[in-house]
Amino acid sequence: MSFRLFDTLTGRLGPIRRRAGRPLGMYVCGPTVYAPAHVGHARTYLYFDVVRRTFQAEGIPVRHVMNITDFEEKIDRRAAALGLTWRALARREEAGFFRDLDALGLLRPNTAPRASDFIPRMVRVAARLERTGRVHRSGDAWYYRPPERPREANFPVSTELARHAVLEPGHPFPESEATAGEFMVWQEQEPPLPSWNGPWGRGMPGWHLECYAMAGEYLGIPVDLHGGGLDLIYPHHHAENEIALALNGTAFSRHFLHTAFVLQNGAKMSKSTGNLVSIRDALAEGSAGGLRWYLLRPRFTERLSWSFSELAEATAEQRRVQAAVRRWLEGGAGGPIGASAAESLRREVRADLLDNLGTDRTIPRLREFGARLEWASHPGIARGDRPAAVRALREVEDRLGIPLR
RNA sequence: GCCGAGGUGGCAGAAUGGUUAAUGCGACGGACUGCAGAUCCGUUUCCUGGGGGUUCGAUUCCCUCCCUCGGCUCCA
């Protein structure tokens, strides 16, 4: 059975291809560390966690890389406000970020490189881009201008968006500093702002170069699977693709996965608008298993309107199923439900997830399984059936990261 | 302006041509309890946005209209 996922680049559902004989290379865009992570981050990283667990459960090893963007203007601003150096703030928030991910039961990436440790490689990418002759200076920064491409070559939808951002008169959002599709390669600046020596003197490399350099170092371009939140498509992943097309002749990744937003009060939750629910806030109200249950209930392509009361409901549901399973597994003379029920559940959950990460089918399935057990839990499972049931349930737990026993 | 998602019972949310349209929440009744909560049992007539079309048959496919919502500097 193959693992099919919706690919944002092609707009189609298809199997994940990878280089035979190698671990699957999964590169997930990590956070800019300047403030605590919110439940929108949690949702994105959670889906990638389930993707990773799915591959692993299928016997496919995964090499999971996540970058940590530890220098950036927003870090500078907040650090200045707090009287910290950019580095001190970034380290503090990075530690908090991983604490939050751990608390949610997310598997740690195999590698989580920091941007500031990748300067020489990013400088090399900048130099290679310059050799294409498509880099020009504007103000105190250098920009890469991609060549014209067929619209379908690189996120057709967002290319369209980019075009409208500058070509449409009276468009209702501010013009970017650059022309459509262009992106910054190098920014001149001096300490105390983050700065290093580069091809054009003292300064800081552009964000999009970071992922290209790291993915190239740890996985090779193109990677097998790449993604993040939907908001990263343009300009970030668009720009990564332009770099990869220019320097490698391929897209950045063979497959792109993007997760839909968490909305709060009808708007996208984001640090810049401040309408945030942090992962810590959420875990104070619901358990880790409950938060996973709640976040996984809609499929990754559906947006989620945040609701604390639904989180509470999800937490209660998860606990209830867990309690029913525990009572069932305590065993007895052998009730009407045997190990085959757990085995069916295991099979169905596997099929759900392999089919475009159908967590929206899986969660109700768990609920129904729990309800069936409640309905006929006494006298519990026959002793001889127990090991098989536990084995099946453990696989479901491993695939979802949700405790059931 | 451009792109996208969606309209199913009080709410959430399944069912991608086929019996009485799942399930959960809520509500109501009951059991238990000194009361409440938790838990368990039962009940919940009434729901597929409007209009066409395809079909023996449509929530499901096609057309059209209406409505709602999201995104488009940075951002998971």
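- Base engagement by A/Val262 is indicated by at least one non-hydrogen atom pair under 4.0 Å involving a base atom.
- Among the nucleotides B/G71, B/C75, B/G24, the one closest to any side-chain atom of A/Arg367 is B/G24.
- The same atom, P, is picked in B/A21 and in B/C41; the two are 24 Å apart, to the nearest Å.
- Nucleotide B/G6 is matched to B/C67 when pairs are restricted to Watson-Crick or G-U wobble geometry with both distances under 3.5 angstrom.
- One N or O on the side chain of A/His255 and one on the backbone of A/Leu5 form a donor-acceptor pair closer than 3.5 Å.
- The listed nucleotides are B/G4, B/C25, B/U23; the one nearest the side chain of A/Arg320 is B/C25.
- Taking atom C1' in both B/U54 and B/C28, one finds a spacing of 44 Å when rounded to whole Å.
- A straight line from CG of A/Leu304 to C1' of B/C69 spans 14 Å, rounded to a whole angstrom.
- B/A14 atom P lies 13 Å from atom CG of A/Asp352, rounded to whole Å.
- The distance from atom CZ of A/Phe48 to atom C1' of B/A76 is 9 Å, rounded to the nearest whole Å.
- A/Asn275 and A/Asn265 form no side-chain donor-acceptor contact under 3.5 Å, judged by distance and modelled atom types alone.
- With B/A12, B/A76, B/G71 as the choices, the nucleotide that has an atom nearest any side-chain atom of A/Met269 turns out to be B/A76.
- Using atom P as the reference point in both B/G26 and B/C63, the two lie 41 Å apart (nearest Å).
- Looking at the side chain of A/Arg303, the nearest of the listed nucleotides B/A76, B/G4, B/A14 is B/G4.
- As rounded to whole Å, 15 Å separates atom C1' of B/A12 from atom CD1 of A/Ile363.
- Only the C1' atoms considered, B/U48 is 13 Å distant from B/G13, to the nearest whole Å.
- Look at the C1' atom in both B/U16 and B/G24: the space between them is 22 Å, to the nearest Å.
- Ring-plane geometry between A/His226 and A/Phe252 is classed as tilted, the angle between the planes lying from 30 to 60 degrees on a 0 to 90 degree scale.
- Ring centers of A/Trp142 and A/His136: at least 6.0 Å apart, outside the cut-off.
- The C1' atoms of B/C2 and B/G18 are separated by 42 Å, rounded to the nearest whole Å.
- Counting non-hydrogen atoms under 4.0 angstrom, A/Gly228 reaches the backbone sugars and phosphates but no base.
- In this structure, A/His258 reaches neither bases nor backbone, as no heavy-atom distance under 4.0 Å exists between it and the strands shown.
- Checked by atom type, the side-chain pair A/Arg114/A/Thr69 shows no donor-acceptor distance below 3.5 Å.
- Residue-level contact check: A/Gly227 touches neither bases nor backbone, having no heavy atom under 4.0 Å from any strand.
- For the pair A/His236 and A/Pro364, nearest-nucleotide mapping onto RNA chain B gives the more 5' position to A/Pro364.
- Base engagement by A/Phe261 is indicated by at least one non-hydrogen atom pair under 4.0 Å involving a base atom.
- The CG atom of A/Leu366 sits 14 Å away from the P atom of B/G24 (whole-angstrom rounding).
- Nucleotide B/A76 holds its P atom 11 Å from the CE atom of A/Met66, rounded to whole Å.
- With B/A76, B/A12, B/C75 as the candidates, the nucleotide lying closest to the side chain of A/Thr44 is B/A76.
- Using a 4.0 Å heavy-atom distance criterion, A/Pro298 is classed as making no nucleic acid contact.
- Spacing between B/A22 and B/C46 at atom P, rounded to whole Å, works out to 11 Å.
- In this structure, of B/G71, B/A14, B/A12, it is B/A14 that holds the atom nearest to the side chain of A/Asp360.
- Across all strands, A/Glu317 comes closer than 4.0 Å only to sugar-phosphate atoms, never to a base (heavy-atom distances).
- Between B/G6, B/C75, B/G24, one nucleotide has an atom nearer to the side chain of A/Trp207 than all others, and that is B/C75.
- If you take CG of A/Leu263 and C1' of B/G6, they are 13 Å apart, rounded to a whole angstrom.
- When each of B/C69, B/C75, B/C74 is scored by its nearest atom to the side-chain atoms of A/Lys74, the top-ranked nucleotide is B/C74.
- One can place NE2 of A/His38 at 6 Å from C1' of B/A76, the figure rounded to the nearest angstrom.
- A 3.5 Å limit on both hydrogen-bonding distances identifies B/G1 as the Watson-Crick or G-U partner of B/C72.
- Below 30°, between 30° and 60°, or above 60°: for A/Trp200 and A/Trp186 the angle between ring planes is between 30° and 60°, a tilted geometry.
- Between the side chains of A/His258 and A/His237, at least one donor-acceptor pair of N or O atoms lies under 3.5 Å.
- Going from the C1' atom of B/U44 to that of B/U68 covers 28 Å, rounded to whole Å.
- Nearest to the side-chain atoms of A/Glu368 among the listed nucleotides B/U23, B/G71, B/G24 stands B/U23.
- Note: A/Phe183 and A/Tyr143 fail the aromatic proximity criterion, with ring centroids not under 6.0 Å apart.
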